[in-house]
Each structure stands twice: as structure tokens, then as C-alpha cells.
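Residue numbers begin at 1 in each chain, while the letters A, B, ... track the order of the sequences.
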Amino acid sequence: MEISKTYDPKVAEREHYKRWEASGFFAPEINQNADAESFSIVIPPPNVTGSLHMGHALQHTLMDTLTRWKRMRGYRTLFLVGTDHAGISTQLMVTKQLKKDEHKSPRDIGREAFTAKVWEWKKKYGGEITRQIRHEGLSVDWSRERFTMDESLSKAVREVFVRLYEEGSIYRGTRIVNWCPKDKTVLSDLEVKEEKAKDGRLYYLKYPVIDAKARTAIWAKSDGDNASDRFITVATTRPETMLGDTAVAVNPDDDRYKDLVGKTIALPLTNREIPIIADEYVESEFGTGAVKITPAHDPNDWELGERHGLEKLVIMNDDATMNETAGPEFVGLDRYVAREKVIEKFGELGLLEKIDDYEVTLPHCERCKTVIEPLLSEQWFVKMDTLRDLALDLMRKENSPRFFPEVPHKKVYTAWLENLKDWTISRQLWWGHQIPAWYDVQGNVFVASSLDEAAEKAGTRELTQDEDVLDTWFSSALWPFSTLGWTGEGNRQAAEGSGQPTANRQSPTDLSVFYPTDVLVTGRDILFLWVSRMVMTGLKFTGQKPFDDVIIHGTVLDKNGQRMSKTKGNGIDPLDVFDKYGVDATRMTLAGSATGVDFAWRDERVESFRNFANKIWNATRFCLMNSEGASIDLDAFYSFSNTTSLADRWILSRLNKTAKAVNYALETYQFHEAVQLLYHFFWDDFCDWYIELVKDEITAGAIYAASPDGEGSADTGTAEPVEVSDETAAARTRILTVLEQALRLLHPFMPFLTEELWQKLPGVSSGMHNSAYSSAGQSIMLTDFPVGDDALIDEQAEREMTSVIELISRIRNIRSEMNIKPGEKLSVHVAASGSVQAIFKQNEPQILKLARADRIVLTEKLDVPKASAKAVLGGGGEIAVPLEGLIDFEKERKRLQNQIEKLDVELQRLNGQLSNANFVEKAPMEKVEALRVRQAEIERQVRALRHSSEVLV
RNA sequence: GCCGACUUAGCUCAGUGGUAGAGCACUCGCUUCACACGCGAUAGGUCACAAGUUCAAAUCUUGUAGUCGGUACCA
């Protein structure tokens with residue numbers, strides 16, 4: 001079989017995914033075991049406008065690894081995929097394009113035409129992210145792909161809205177909201193980011209106080225001199241809002257202002273007279289202790305205004321320019337221009353006391369970074385109290401969902417729920433789920449799932465639907481059940497005939513089979529925005545939690561530990577990494593990071609996994625070059641476990657231990673642990689030791705023709721068929737069988753490479769599948785995942801192999817330190833106990849080969865020439881390599897001294913501990929005993945090394 | 001302000017109440033017939049600092065410093 005010397009990931013990545021998908025391997029229907037347990041994961045739907053970034057790649061890798069693992073374990077597995085309509089992002093993108101292509105705004109073409117354009121855009125470009133998901137190798141069920149604006153999901157949205165409205169949890173109200181003047185929509189608190197302002201200032205404005213006497217005078221005269229001799233100074237960071245002030249507030253206990261409460265001031269730049277009021281909210285220590293109150297433009301002021309029945313003057317338009325109410329001098333000015341002008345005017349009037357530098361954090365629009373303007377506006381809200389209690393009760397009573405890692409997310413999640421405020425759900429956009437509320441000509445509102453229902457309620461069809469759409473997260477909150485066919489009670493039948501695209505299977509049992517889902521994998525940043533809301537709506541509308549476990553993965557940082565961001569331009573494109581190192585190596589890198597911990601991206605790390613992939617490739621290549629006469633045979637392997645060589649018993653033990661540990665690691669979501677286990681099993685145990693130990697056995701009889709062109713040097717295909725003895729064939733079968741099991745263990749992490757290699761192994765068939773998939777086309781992804789068999793874990797074999805490895809390592813150390821040429825063969829003298837001698841005797845050929853020795857002399861006591869290099873073995877052994885003429889005595893003494901020193905450090909510590917009466921008395925007996933044994937062993941080794949060193953002189 | 005996390009080898013990171021680990025980089029030696037994306041052998045750490053608990057602390061507690069997050073308020 002021709003097989004290249006280095007692994008080219010692209011070949012495997014091109015072929016296998018298509019076949020897996022076309023063969024229906026990803027769909028749960030592939031599982032033919034009617035009793036199979038189900039396992040389901042829903043993807044956090046990426047924005048339809050988005051393209052793959054490292055955060056996706058990380059969470060996708062974890063989800064797919066779990067899915068492939070569970071599938072191989074025989075679960076009826078669903079990894080549900082889909083995308084999010086991403087209201088603001090998508091609308092912005094299409095708006096931009098519209099402007100560029102047609103020089104038109106959405107308003108120019110109207111709502112219907114605009115949304116049609118967005119759908120067009122989605123059709124054309126929305127597939128980018130799903131193509132990338134295929135590239136990643138995700139075993140998602142494309143036949144169940146969903147989009148948050150699919151008819152069935154939209155129906156669920158309307159259903160939920162209507163139900164919440166009918167029970168009073170959704171209401172329409174006028175509140176101070178977070179307004180983005182650029183996107184011209186309201187935002188929820190979670191879509192607002194606080195950032196420090198570059199040049200924050202605190203402006204001190206003097207307001208003239210009017211008393212009864214001055215009242216008449218002030219309006220009569222314009223110079224203000226006689227108006228009053230008193231001023232009250234307020235401090236503000238947003239002076240332009242003074243145009244909407246309707247009061248000045250002071251603390252009721254503030255002696256400075258006690259006599260002023262109840263009086264009024266003449267609000268400069270306006271002709272309004274506003275009261276001075278007292279309210280506990282004001283802190284006397286801050287600023288001047290007097291606060292200007294602008295109820296329509298500040299949330300705290302609004303509340304205070306409510307308490308005192310103040311007028312609420314809106315002085316801005318929705319683009320943050322000033323409106324008529326701000327006064328003729330200001331109308332039309334941008335808020336910042338107006339600010340300058342207000343300050344200028346105050347200066348002219350002598351009413352500007354001072355301006356201080358002041359650090360201030362301002363809310364910014366998460367999307368466009370514009371400074372948010374708190375604005376009085378009528379919006380739709382969800383009352384969160386009952387929903388919150390559902391989620392809190394679940395956490396308190398059942399500790400659910402379980403977070404991985406639990407610290408700090410459980411606490412953060414709980415604390416956030418406890419302080420939950422109402423959720424602003426309306427958005428002034430066209431792209432999204434239009435709010436299912438209709439108004440009649442009188443302005444009465446009718447909330448219903450459809451116009452027909454609303455008309456029925458209203459008794460007229462002269463209705464206008466609410467212009468706004470819902471927050472994108474409103475539909476995402478329903479994702480775990482809306483994607484599985486939930487359309488609300490009594491609505492299921494309607495959903496069946498809802499014009500769902502025919503490619504989508506709408507199985508009425510999906511919800512019952514796959515809900516609740518098993519585990520959610522997502523990032524920290526959407527814990528509140530998404531995770532908590534899914535819990536709340538899930539409990540509310542299905543009566544069940546949406547998932548058991550939540551894995552919160554870390555953030556992939558750039559190589560300097562900085563967050564990747566578009567503006568910094570420090571992002572690493574997963575597709576570039578795929579291209580350079582292969583998907584499997586990238587997946588291993590991502591899965592190899594500790595769960596929940598941020599990590600700095602290093603190409604070197606991927607490179608090492610690329611090398612690992614190549615190692616697997618070459619190990620397999622070697623096995624295939626020596627596979628004549630053999631084929632994978634698990635039964636034979638099991639039956640050999642008691643009779644074959646140490647190497648065989650050992651690798652079998654290592655394999656089964658690794659399998660057990662990998663399963664445990666995955667059960668506890670310790671992906672990095674599984675990656676480490678597999679890496680070391682494959683590279684160290686299998687390649688460095690097992691292959692080397694059995695190499696002679698499996699290559700026996702093979703002809704390696706030196707190839708003239710230097711390629712395909714080992715080629716059994718073109719030579720005469722080689723006679724293979726039964727023993728050789730059996731050894732080949734054993735190594736192939738171990739390899740096959742190892743590939744299965746690796747498959748959830750490295751799907752492409754393992755499929756590519758597995759298909760090449762002799763004797764693979766769908767007979768190796770988990771019984772749930774017995775009639776499917778053969779693929780490693782359907783094989784039974786090894787779980788590890790205790791009966792095949794052989795501690796004695798592992799101990800014995802440790803001795804052999806130690807012996808070989810000691811000899812290699814001598815070779816290397818003494819600069820023995822590789823071609824030079826040594827004879828090795830070993831003094832050891834009878835049982836250890838027997839082990840070495842049995843494995844003599846392998847020891848000779850790996851230590852590059854031609855003779856091994858086993859004795860009770862060493863009897864060697866002075867010109868020998870020596871070393872000690874654990875358990876009382878000693879070795880010597882006669883090096884007549886080759887030895888450098890000085891060097892050898894140094895080498896021995898070095899080893900003595902190292903042992904001595906440990907010995908000192910042991911002696912110290914064991915001479916401590918407290919330790920011997922209070923520490924557990926077995927611990928003390930273990931240290932004593934260790935002490936004796938080291939003392940013996942040190943003695944032996946000292947002796948060796950002395951005889952050199 | 002409040003809450004939290006982190007600080008371990010040159011770098012990136014695992015880990016644990018009882019002998020400190022990996023990958024990469026470094027040093028030395030190898031074209032040994034699967035692999036130089038390789039093989040073999042070294043070197044490298046007061047586990048941020050201080051106190052406490054304990055027979056025993058890098059690990060638990062408290063404090064300090066630095067780094068990074070989250071969140072609230074800000075007239």
C-alpha cells in the first residue's frame with residue numbers, strides 16, 4: 001500500500017465529511033437500538049452574519065468531541081445546529097450594503113422591501129458560517145438545521161410572548177431606557193458596556209434662587225442683579241441636560257440648604273421656574289450637595305421625579321439632537337454641541353462656577369460603541385420576578401444547572417439572578433420577530449399569535465401591528481425547545497403544516513426524546529444574556545430545565561495575553577490555522593486547554609499537535625508496511641493477554657488504563673486531561689516503547705529493498721509476496737489491534753486523521769461498530785468506544801516493564817554521557833535479584849536492541865574491570881558497562897557524583913522527616929513506612945554509587 | 001465601590017495536604033531501514049510575597065502586591 005511519509009490533513013478533510021454527512025451518520029436515526037439512551041447538545045447559534053472565530057472553534061470542538069464520544073458509546077445522539085438572525089448586526093450590514101449599492105436607506109424602500117432584502121442577503125451570504133462548521137468536522141445533524149426566524153421558531157416566539165402578556169409578565173411602559181442614538185433603538189442593560197470616558201469633566205453651574213420678594217423683580221429685569229443674592233450650585237457631567245431640569249434636589253438633613261427647600265430657582269437659559277426639593281437620594285458629601293433633576297434623561301432623576309410628581313421634559317430627539325423643548329437657541333444641535341453652548345452661555349451669564357476634571361464611566365452601545373443616551377421612551381418589558389424565582393429555585397434545590405467549572409460561575413449566575421431587573425424586549429428595528437401586538441384606531445392594544453386572533457379579540461380588522469421587533473435574545477432564550485418542535489400547547493398540529501422547508505424533518509417526538517438537552521457549551525459573556533434566560537423560559541414553558549450541565553469555556557487570547565478583537569486586529573482566524581496545521585491538530589490544541597481557563601494562543605502548540613498527527617500517521621504507516629498476513633482481531637488479542645510477552649501484556653494494560661481514564665476525563669469534562677492521556681499513551685507508550693520492543697517480531701521476514709530513488713524504501717507491495725510465519729502474523733495482529741483501539745480513542749478529538757487511517761487497516765468492517773450501528777456503512781465514528789477492561793489491566797506487567805525501561809534508560813545514559821558512538825556495541829553486566837534477572841532474561845533481545853548492546857551478563861554480584869561505567873537500579877540492582885579504552889575516568893566520576901548529589905537532596909529531606917518525632921507519631925503509619933522504605937533504597941543507591949566512584953581512583 | 005479569578009521552568013500552561021509536571025524553546029549526541037513534524041541524553045523551579053493552621057503547605061486560612069475579569073454607582 002502506497003502511503004506518504006508525512007500526513008497531509010487536506011486529503012482526509014476533503015473526503016470524509018461528505019461521506020459522513022451523506023450517509024446520515026450525524027443524524028440520530030442512524031441509531032437502530034430502540035432502547036438507546038439519548039444524548040443531545042444544541043449549538044449556541046452563531047450570528048448568521050458571523051464568520052468563525054477561535055471562540056467558536058473552541059466551543060465547537062468541545063461539543064463535537066462529546067457528541068462523537070457519546071455516539072460511539074451507543075447513545076442516540078443529536079448535535080443540533082443552526083444560526084441566529086442577529087437583529088442589529090444583520091440589519092446594520094444590510095443597511096450598509098443598501099446604501100452602497102442603491103444609495104438608499106431602509107426608510108426609503110420601506111419595511112417590506114427591506115426585510116425582503118435581508119432574507120435575500122441571508123440566502124446569499126448566510127451560509128458562510130455553516131460551511132465553516134462543516135470544515136471543522138462537526139457531527140451536527142444538518143437535516144435538523146434551524147434558524148431563529150424559521151416559521152416554527154417564530155411561532156414559538158409569538159406563543160411565549162402571548163402567554164407572558166396574558167399573565168401580566170409582559171407589559172408596555174414608559175421608562176428611561178438605554179438609547180443608542182446611532183442605531184436608533186433601545187438596548188437592554190446587558191447590551192450596554194461601561195467604559196471610562198477620555199475627558200470626563202464635572203461642571204459646576206450656579207442657579208439663581210428666587211425668594212418671594214425677588215420674584216417680581218427677576219422677571220422684570222434682565223441683568224439679574226436684583227433677582228436674588230443667593231445661588232444654588234449644582235454639579236453635572238452632562239450640562240446640556242439642564243435644559244430639561246424640572247427641580248433641584250438636596251438632602252433633607254443638609255443644613256446648608258434647609259431654608260431653601262420649598263423655594264424655587266430661575267432656571268437659566270429657559271424661562272422656567274423650578275422647585276428646590278428635599279430627597280434622601282441626594283448625598284450631601286458629593287459635589288455641592290445639590291443635584292439638578294432631569295427626569296426624562298436620567299434613570300435616578302426619573303425615579304425621584306416619580307416620587308415628587310415632577311414634570312418630565314424630553315429635550316432630545318432619537319438621534320441625540322436637541323428638540324424644540326430645549327429652546328429655540330438649541331433646537332437641532334447635537335448633544336455635544338449643545339453642551340458647549342450651554343457652558344458658553346453660563347460663562348457669559350457669570351453662572352459657571354468652575355469645571356473640574358472628573359473620571360466618569362459612560363455606557364456605550366455594544367455594537368457601534370456610541371455613547372448611550374438615557375431616554376424616556378415607551379417600550380415593551382418582561383417582568384422578571386416569577387421567571388427569576390424559577391431559575392433560583394432550581395439552583396437552590398437541585399444545584400442545577402451544574403457549571404463546569406463551578407467556581408466562579410455558580411455564584412456569579414446566582415447573584416445576577418437575585419438582582420435581576422425588568423428586561424427591555426422591544427427594539428426599533430425591522431429585522432426580527434415583529435411584536436405580536438396590534439392596535440385599533442383608538443390605540444387599544446390586542447396581543448395575539450396572529451392578526452386573525454387579534455382581529456377576533458378586537459372585533460375589527462382595522463388593526464396596525466406594533467412596529468417594533470423583539471430583542472434577538474428573546475428568541476435565543478427559547479432555542480433548546482423551540483428547535484425541537486415546541487410550538488406551545490395546543491399548537492403542535494398547526495406547526496406540522498407550517499410550511500417548514502421540506503429538508504427539515506419535523507419529528508413530533510424530538511422534544512420528548514432530546515429535551516432536556518444534556519450539556520450546554522458556551523462562553524462567559526453570554527451567561528446572563530443567554531444561559532440564564534434559557535433556564536427561565538425552559539422551566540416556564542416546558543416545565544423542565546433545558547440542560548443539566550453548562551460548560552463555560554475560557555477565552556482564547558492572542559500570544560500576548562490580550563483579548564482578540566477586530567479593532568485591535570489581533571485575531572487569529574481558525575481557517576488559517578486549519579490550513580496551516582490541519583483541523584485535527586487545531587482541535588487537539590483547543591481541547592487541550594484546561595476547561596474554563598483563558599489561554600494565550602501559540603502557534604507552537606498547534607505545531608506540536610500537527611507533529612502528533614504526523615506521528616500517528618507514521619506509526620500507522622509502519623504497522624501497515626508490516627501487516628501482511630495479519631488483520632485486526634480483538635478476540636485473539638484478548639486471549640493472548642495471559643500468555644504473550646511482557647511487552648504485549650504491558651501495552652494491553654496501558655491501553656485499558658488509558659481508555660478508562662479517558663472516559664472518566666470526558667465524563668467530568670476534563671478535555672485537556674483526555675488529550676494529555678492520549679498524547680502520552682500514543683507517543684510514549686505505543687510509539688517509543690511498544691513499537692520498538694516488538695519491531696523485530698513484526699518485521700521478521702519482511703524484505704526492505706533499498707530504493708534507488710530514496711522513496712518508498714519499505715515496500716512490500718512491489719516485491720515478491722513475503723512468507724509470513726504464524727508468529728509474525730500474530731504479532732502483527734496484536735500491534736494492529738492495539739493501534740485500532742487507540743485510533744478509536746483518538747477519534748472524538750481527531751476525526752479526520754483517525755477515519756483516514758482506520759479505513760486503511762486490514763480487517764476493519766462495520767462488524768466493529770457499536771451494535772446500534774451494525775448495518776451502517778463502515779466508519780470509525782460508529783465503532784464502539786473503548787471503555788477499558790479491568791481484567792486487562794496488569795499491574796505486574798507494568799512494574800516489570802518499568803524495570804526494563806529503567807535498565808535501558810540507564811545504559812542509554814551511560815552511552816550518551818560517555819560519548820559512545822551509536823555503532824559501538826556494548827556488553828552490559830547486571831546484578832539483580834533472581835526475579836528481576838528473570839525479567840531481563842526474558843526480554844533480552846529487546847534490551848540488547850534498544851540499548852545497542854551485544855551481550856548482557858546477569859549475575860548476583862558485579863564482577864567487572866575497573867574501567868567500567870556504572871549505575872544503580874531500583875530494587876537493589878546495579879549495572880556496569882566495561883569501557884576499556886573508552887572511559888574517561890574524570891567524566892565518569894563526575895557523572896556518578898552528579899547522581900549521588902541528586903539522591904542526596906532527597907535523602908536529606910527523608911532523614912529530616914523521619915527523625916522528627918512528631919511526624920513519626922502523627923503521620924499515618926503507611927506513610928511513615930513508605931518513607932522508611934524509600935530511605936533505605938536511596939541509602940543503598942548512594943552507597944553503591946559512592947563505592948563505584950571510589951574504585952575508579 | 002463591591003465580587004471574583006489568576007500569579008508554578010526562558011515561554012505557554014497542567015497539577016496536588018506527603019519526592020514539582022507537560023509542550024515548546026535551550027544544551028549535547030544521532031541521516032539507527034515508521035516518522036528530522038524524528039530518535040536518544042541532559043539542563044532548567046524558595047510553585048508572587050508575608051503570617052497562620054498542620055507532624056507535613058506549592059496545595060488550606062488570612063493579609064499584601066501585581067495582572068485580568070465581572071458588576072454597580074457616579075450630580
Side-chain angles (χ1 to χ4, degrees), chain A residues 3 5-7 194 200 202-204 234-238 248-249 281-283 286-294 298 300-301 358-361 407-409 411-412 415-416 419 524-525 527-528 555 557 559 561 563 581 585 592-594 597-605 607-626 672-673 676 679-680 687-688 691-692 695 699 702 704-707 713-714 809 812-817 819-823 849-850 852 898 905-906 909-910 913 916-924 927-928 930-931 934 938:
Chain A
I3 174 163
K5 220 167 158 177
T6 46
Y7 170 51
E194 297 286 339
L202 195 56
Y203 302 85
Y204 290 78
V234 297
T236 179
T237 54
R238 295 192 297 152
V248 169
Y281 158 74
V282 181
E283 287 174 40
F286 191 92
T288 61
V291 188
K292 59 186 276 307
I293 301 300
T294 324
D298 181 280
N300 291 308
D301 291 7
Y358 181 68
E359 187 172 279
V360 62
T361 53
V407 176
H409 302 113
K411 202 172 158 185
V412 170
W416 183 78
N419 298 305
R524 255 192 300 274
D525 50 337
L527 183 61
F528 307 143
T555 310
L557 308 169
K559 65 177 196 282
R563 297 182 86 100
Y581 300 105
S593 68
V597 179
D598 295 354
F599 66 101
W601 182 264
R602 299 254 135 195
D603 267 3
E604 295 92 318
R605 183 119 179 108
E607 207 175 305
S608 82
F609 283 112
R610 188 269 320 261
N611 296 350
F612 181 54
N614 195 53
K615 189 74 179 174
I616 297 168
W617 176 264
N618 273 292
T620 306
R621 177 166 165 259
F622 173 74
C623 292
L624 290 174
M625 279 159 49
N626 297 287
H672 64 291
E673 182 66 21
Q676 289 304 310
Y679 188 93
H680 290 295
C687 292
D688 286 351
I691 288 183
E692 298 303 331
K695 197 173 249 180
T699 55
Y704 289 105
S707 150
S713 57
S809 300
R812 282 172 171 177
N813 176 260
I814 289 171
R815 290 195 73 103
S816 182
E817 300 273 314
N819 300 323
I820 314 283
K821 293 273 167 298
K849 181 179 157 78
L850 298 186
R852 299 183 152 260
N898 188 21
V905 172
E906 193 186 345
R909 188 176 39 237
L910 287 170
Q913 256 181 301
N916 179 345
N918 272 330
F919 170 72
V920 178
E921 205 176 298
K922 297 193 179 172
K927 184 98 273 168
V928 177
L931 289 198
R934 181 78 188 145
I938 295 180

Identified pairing partner of rG23(B), criterion: Watson-Crick or G-U wobble below 3.5 Å = rC11(B)
F528(A) atom CZ is separated from rA72(B) atom P, nearest whole Å, by 9 Å
Could you check whether E283(A) gets within reach of a base, just the sugar-phosphate, or nothing at all, counting any heavy atom under 4.0 Å?
-> base
May I have the distance from R563(A) (atom CZ) to rC6(B) (atom C1'), rounded to whole angstrom?
-> 15 Å
For K411(A) and rG70(B), give me the distance from atom NZ to atom P, rounded to whole Å.
-> 17 Å
Quick one: is rC35(B) close enough that its OP1 or OP2 comes under 4.0 Å of any side-chain N or O from K5(A)?
-> yes
According to the Watson-Crick and G-U wobble definitions, with both distances under 3.5 Å, which nucleotide is paired to rU32(B)?
-> none
Judged by atom type as modelled, is there a donor-acceptor pair below 3.5 Å linking the side chain of R812(A) to the main-chain atoms of L850(A)?
-> yes
Remember a base hit wins even if backbone is also touched, and classify R934(A) as base, sugar-phosphate or nothing at under 4.0 Å, heavy atoms.
-> base
Touch class at under 4.0 angstrom, heavy-atom based, for A594(A) against every strand present = sugar-phosphate
Among rA14(B), rC13(B), rG4(B), which nucleotide sits nearest the side chain of H672(A)?
-> rA14(B)
Give one of base, sugar-phosphate or nothing for K695(A), where a contact means two heavy atoms less than 4.0 Å apart.
-> base
When all nucleic acid strands are considered with a 4.0 Å heavy-atom cut-off, which category describes T237(A): base, sugar-phosphate, or nothing?
-> sugar-phosphate
Shortest side-chain distance from K922(A), nucleotide among rA41(B), rC55(B), rU19(B) | rC55(B)
Of all the choices, rG18(B), rC35(B), rC73(B), which nucleotide is nearest to the side chain of P924(A) once you look at every atom?
-> rG18(B)
Is the distance from OP1 or OP2 of rU32(B) to the nearest side-chain N or O of K849(A) less than 4.0 Å?
-> no
Would you sort out whether V234(A) and Y204(A) count as a side-chain contact (heavy atoms from CB on, under 4.5 Å), showing the intermediate values?
-> CA-CA 6 Å; V234(A) 297; Y204(A) 290 78; over 6 Å; no
P atom, rA22(B) versus rA9(B): distance in rounded Å?
-> 13 Å
Quick one: Q913(A) CD to rG17(B) P, roughly how many Å, whole number?
-> 17 Å
When you get a sec, tell me which of rG70(B), rG4(B), rC35(B) is the closest nucleotide to the side chain of R621(A)?
-> rC35(B)
Using purine N1 to pyrimidine N3 plus N6-O4 or O6-N4 for Watson-Crick, or N1-O2 and O6-N3 for G-U wobble, each under 3.5 Å, what pairs with rG18(B)?
-> rC55(B)
Using the ring pair (Phe, Tyr, Trp, His ring centres under 6.0 Å) rule, take Y679(A) and F612(A) through it: C-alpha gap first, then chi angles, then the decisive distance, then the call.
-> CA-CA 8 Å; Y679(A) 188 93; F612(A) 181 54; 4.8 Å; yes
Just how far, in rounded Å, is C1' of rG40(B) from CD of E692(A)?
-> 11 Å
Quick check: are there more than 12 heavy atoms from other residues, nucleotides or ligands sitting under 6.0 Å from NZ of K559(A)?
-> no
Have a look at A600(A) and say if it touches a base, only the backbone sugar-phosphate, or nothing, with a 4.0 Å heavy-atom cut-off.
-> sugar-phosphate
Could you measure between the two P atoms, the one in rA43(B) and the one in rU27(B), and give it in whole Å?
-> 16 Å
Select base, sugar-phosphate, or nothing to describe what K615(A) touches, counting heavy atoms under 4.0 Å on all strands.
-> base
C1' spacing across the pair rU8(B) / rG21(B), given as an integer number of angstrom | 10 Å
For nucleotides rG17(B) and rC3(B), find the distance between their P atoms and express it as a whole number of Å.
-> 27 Å
With the side chain of F599(A) defined as its heavy atoms from C-beta on, choose the nearest nucleotide among rG18(B), rA41(B), rC13(B).
-> rC13(B)
Quick one: which of rC55(B), rG40(B), rA20(B) gets closest to the side chain of R812(A)?
-> rG40(B)
Pairwise P distance, rU61(B) and rA57(B) [rounded to whole Å] | 16 Å
Return no unless some side-chain N or O of N813(A) is found under 4.0 Å from OP1 or OP2 of rU42(B).
-> yes
Do any side-chain nitrogens or oxygens of N898(A) fall under 4.0 Å of OP1 or OP2 in rA43(B)?
-> yes
Atom CG of L527(A) to atom P of rA5(B): distance rounded to whole Å?
-> 15 Å
Geometric cation-pi criterion K695(A) and F622(A), 6.0 Å radius, 45° cone | yes
Report which part of the nucleic acid R610(A) touches: base, sugar-phosphate, or nothing (heavy-atom distance under 4.0 Å, all strands).
-> base
Is a side-chain donor or acceptor of T288(A) paired with a backbone partner of A290(A) at a separation under 3.5 angstrom?
-> yes
Anything under 30° is parallel, anything over 60° is perpendicular, the rest tilted; go ahead and classify W601(A) against F599(A).
-> tilted
Base, sugar-phosphate, or nothing: which does R852(A) touch, judged by heavy atoms less than 4.0 Å apart?
-> base
Contact class for C623(A) (heavy atom, under 4.0 Å): base, sugar-phosphate, or nothing?
-> nothing
Hey, does L202(A) reach any base, or is it just sugar-phosphate, or nothing, if we go heavy atoms under 4.0 Å?
-> sugar-phosphate
Under 3.5 Å: donor-acceptor pair, side chain of N618(A), backbone of N614(A) | yes
Would you kindly give the CG-to-C1' distance between N419(A) and rC2(B), to the nearest whole Å?
-> 11 Å
Position toward the 5' end of RNA chain B (nearest nucleotide), Y203(A) or A613(A) = A613(A)
Taking atom C1' in both rU64(B) and rU7(B), compute the distance separating them and give it to the nearest angstrom.
-> 13 Å
Cationic N near anionic O, under 4.0 Å, R524(A) to D598(A) | yes
Given the C1' atoms of rC37(B) and rU31(B), what is the spacing between them in whole Å?
-> 16 Å
Using the closest heavy atom to pick a nucleotide of RNA chain B for each, name whichever of L931(A) or T620(A) lands nearer the 5' end.
-> L931(A)
Look at all strands and tell whether D688(A) reaches a base, only sugar-phosphate, or nothing, counting heavy atoms closer than 4.0 Å.
-> sugar-phosphate
rU12(B) to rG70(B) separation - C1' atoms, rounded to the nearest Å | 25 Å
Flag the pair Y358(A) / Y203(A) as yes when their ring centroid distance falls below 6.0 Å, and as no otherwise.
-> no
Identify whether any heavy atom of V905(A) sits under 4.0 Å from a base atom; if not, whether one sits that close to sugar-phosphate; answer base, sugar-phosphate or nothing.
-> nothing
Student check: side-chain heavy atoms of L910(A) and I938(A) closer than 4.5 Å = yes
Hey, what are the protein-to-nucleotides 21-30 of chain B N/O distances that come in under 3.5 Å?
from	atom 1	to	atom 2	distance (Å)
rG23(B)	O2'	S608(A)	OG	3.2

Starting at CD1 of I616(A) and ending at C1' of rG38(B), how long is that distance when rounded to a whole Å?
-> 15 Å
Is the shortest distance from a Lys or Arg side-chain nitrogen in R934(A) or E906(A) to a carboxylate oxygen in the other one below 4.0 Å?
-> yes
